[in-house]
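Scroll down for the structure; my scribbles are underneath it.
Values below: every heavy atom of this structure, side chains too, minus hydrogens, waters and symmetry copies.
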Amino acid sequence: GRGELEGVGMQLGRIGKAGPFVIPGIIPGGSAEELGIRPGDKIVKINNQPASAFKDIADAVKTIKGPAGTQVTLHILRDGEVERAYTLTRRKIHIAQVVAEPLLKANGKTFALIRLSLFGDTLNSELKLAVEKILNENRGKLQGFVFSVENNPGGRVDQVISALDLFMDFPSVSPVL
């Protein structure tokens, strides 16, 4: 993952083996976010095919993903509401792998909050730049960093290890071989 994708900007999960699909996370900048689709929404139909017609998540992803400029229609059920159809236009979406948030203050201490949205090819370099910028802007004010991996779909183990090396003081460890 280079931090860029062509699609509608959401993650996909499934309830059971043949149940509806569920959206655990929305990626900023996609048409899913733009149309107000939210985490927790359930997809009951994709291009008018019931969720049960798709054998697994990969099968559904093949139908939902596609070239920028093309469309897909999702029928979504949100708790307490009626089923609604959304027509999403696929587009190129840049995923910022590292997002520095406003400082957190707790118990008289100040922490930098950094969201890691994807473990892709540029994680290490993006993280280094973000940490250097935060340290330069907050000299002597920080007691530590908080890293959030909420809604992170994963990615490259080597990038995670090299990112951890920025903060850990132990010899490098190889991935499980």
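- Here the straight-line distance linking atom OG1 of Thr70 with atom CG of Leu88 works out to 11.0 Å at 0.5 Å rounding.
- For the side chain to side chain contact (heavy atoms under 4.5 Å, CB included) test, residues two or more places apart in sequence or in another chain that qualify with Glu34 are Arg91.
- When the side chain to side chain contact (heavy atoms under 4.5 Å, CB included) test is applied to Ala106, no partner is found at least two apart in sequence or on another chain.
- With sequence neighbours left out, Arg38 forms a side chain to side chain contact (heavy atoms under 4.5 Å, CB included) with Asp41, Arg78, Glu81.
- The cluster map of Ile, Leu, Val, Met, Phe, Trp and Tyr, joined by side-chain heavy atoms under 4.5 Å apart, puts Tyr86 and Leu77 in different clusters.
- If you chain together ILVMFWY residues whose side-chain heavy atoms come under 4.5 Å of each other, Val82 ends up in a group of its own.
- Legend: residues meeting side chain to side chain contact (heavy atoms under 4.5 Å, CB included) with Val160, ordered by chain and number and at least two apart, are Phe119, Leu164.
- Scanning for side chain to side chain donor-acceptor pair (under 3.5 Å) contacts around Lys133 gives Glu137, with sequence neighbours left out.
- Under the side chain to side chain donor-acceptor pair (under 3.5 Å) criterion, Asn107 pairs with no residue, sequence neighbours left out.
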Can you give each donor-acceptor pair under 3.5 Å made by side-chain atoms of residues 56-64, sequence neighbours left out, with the distance rounded to 0.1 Å?
| unit_1 | atom_1 | unit_2 | atom_2 | d |
| --- | --- | --- | --- | --- |
| Asp56 | OD1 | Ala58 | N | 3.3 |
| Asp56 | OD1 | Asp59 | N | 2.8 |
| Asp59 | OD2 | Lys55 | N | 3.1 |

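- Shown here are the side chain to side chain donor-acceptor pair (under 3.5 Å) partners of Ser148, two or more places apart in sequence or in another chain: Arg115.
- Through direct or relayed side-chain contacts under 4.5 Å between Ile, Leu, Val, Met, Phe, Trp and Tyr, Leu129 connects to no other residue.
- Taking the side chain to side chain donor-acceptor pair (under 3.5 Å) definition, one finds that Thr110 meets it with Lys105, sequence neighbours left out.
- Clustering of Ile, Leu, Val, Met, Phe, Trp and Tyr by side-chain heavy atoms under 4.5 Å joins Val146 with Leu104, Phe111, Leu113.
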